[in-house]
Colleague: 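Here's a structure for you.
Remember, it's 1-based here, ligands and their atoms both numbered in the order they're listed.
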Amino acid sequence: MKCYTVKVECQCSQVEGELKNISPQSGNHIKCMCIDCQTFAHFLEKNEALLDRNGATELFQISPSQITFTKGVENIKALRLSSKGPFRWYTKCCQTPIANTIGLDKDFAGVFVEFMKFEEDHFSKQDALGEIKYYCMAKYSKGEPPAGATQGFPRSLFFKVALKLLLGKLTKNYLPNPFFNEENGLPVNECEVLEKEKRQLLRKRC
Ligand SMILES: [Zn+2]
Ligand SMILES: [Zn+2]
């Protein structure tokens, strides 16, 4: 299996890094139409660039240990839409979305394809990520969802993620985790929990 190193970079180039061992088999290439992903895009004021016509965000789910920041890690910040929600990382220099994570010992990072840079002369996005395999949470779709989309998260994807979380716990495959301190499990930088009123205002825009 051929694997690629995919460059990641924020819009203003203050934050850079790379994703290692990427191939279509190494992760789940999905589009998520859920209300929280849409809310996050509106929070960043990147809804035009980030959301497709169905209101879907394109993500590639891998292990946090496949992600390395080479520059500007001090510019990353997390947002939680509620006190129990996932940590949605983005850059505070230019509001570029990075990845959705769950916690230190959770072997999960849904990386925003928007954050990736493909130099087509070496390899294409298609080579590294393959086709989109799942169109999820179509109950929040704007208009007619794409063919094959599921109302919620498809069971096969749910089991893949659950198995990876379980195996990750045993093997500590989530380490090194660039988003959380290994000693105390806290986020490496600022983390904001969105106030309920603000969340409701953003949701109205979705
Ligand atoms: Zn930036
Ligand atoms: Zn979502």
Side-chain angles (χ1 to χ4, degrees), residues 7-19 27-62 64 67-82 84-103 106 108-117 129 132-143 145-146 148-158 160-162 164-165 178-179 188-190 192 194 199 202-203 205-206:
K7 283 175 96 180
V8 289
E9 188 183 346
C10 71
Q11 216 171 5
C12 77
S13 304
Q14 289 194 60
V15 178
E16 284 178 12
E18 56 188 31
L19 312 175
N28 306 312
H29 193 187
I30 76 161
K31 275 201 174 185
C32 185
M33 292 169 255
C34 86
I35 194 71
D36 288 346
C37 286
Q38 292 190 42
T39 303
F40 183 52
H42 281 275
F43 168 83
L44 298 173
E45 296 182 351
K46 289 273 157 83
N47 46 299
E48 298 269 319
L50 210 52
L51 304 177
D52 72 7
R53 62 190 175 83
N54 297 114
T57 302
E58 188 177 353
L59 300 158
F60 194 71
Q61 299 172 336
I62 55 173
I67 308 171
T68 317
F69 292 102
T70 52
K71 199 179 128 188
V73 73
E74 66 278 7
N75 286 324
I76 76 168
K77 189 178 169 180
L79 179 82
R80 305 183 86 176
L81 295 177
S82 69
K84 284 186 182 146
F87 298 80
R88 294 170 185 269
W89 294 90
Y90 66 98
T91 67
K92 57 184 175 187
C93 42
C94 60
Q95 312 270 96
T96 300
I98 298 174
N100 301 326
T101 64
I102 320 175
K106 306 291 189 295
F108 178 90
V111 182
F112 287 80
V113 174
E114 179 77 9
F115 187 46
M116 304 178 193
K117 290 279 166 292
L129 309 183
I132 292 163
K133 291 198 188 78
Y134 302 98
Y135 290 88
C136 314
M137 301 301 274
K139 60 181 165 189
Y140 297 105
S141 175
K142 308 264 178 230
T150 51
Q151 288 297 303
F153 286 109
R155 194 171 288 187
S156 57
L157 177 61
F158 178 82
K160 269 189 203 177
V161 172
K164 191 169 163 62
L165 287 172
F179 300 104
V188 288
N189 283 346
E190 277 174 85
E192 173 190 353
L194 198 66
R199 188 175 76 223
L202 289 170
R203 277 200 176 161
R205 291 201 227 154
C206 296

Colleague: Report, rounded to 10°, the angle at the Zn ion (ligand 1) between the two atoms SG (C12) and SG (C10).
Modeller: 110°
Colleague: Under 2.8 Å from the Zn ion (ligand 2), which protein N/O/S atoms are there?
Modeller: C32 SG, C34 SG, C37 SG
Colleague: Mark yes or no for whether K31, through its side chain, and G55, through its backbone, hold a donor-acceptor pair below 3.5 Å.
Modeller: no
Colleague: Establish, yes or no, whether a centroid distance under 6.0 Å links the rings of F112 and Y90.
Modeller: no
Colleague: Salt-bridge test for E190 and K92: reply yes if a basic N is under 4.0 Å from a carboxylate O, no otherwise.
Modeller: yes
Colleague: Kindly report the SG-the Zn ion (ligand 1)-SG angle for C93 and C94 respectively, rounded to 10°.
Modeller: 120°
Colleague: Assert yes or no for the condition that the ring centre distance of F69 to F179 is strictly below 6.0 Å.
Modeller: yes
Colleague: Counting heavy atoms not belonging to E45, are there more than 12 under 6.0 Å from its CD?
Modeller: no
Colleague: With side chain to side chain donor-acceptor pair (under 3.5 Å) as the criterion, how do K46 and Q11 come out once you've worked through the C-alpha distance, each side chain's angles and the decisive distance to 0.1 Å?
Modeller: CA-CA 11 Å; K46 289 273 157 83; Q11 216 171 5; 3.0 Å; yes
Colleague: Might you point out which heavy atoms bring I62 and G27 nearest each other, and give the distance in Å?
Modeller: CG2-CA, 4.2 Å
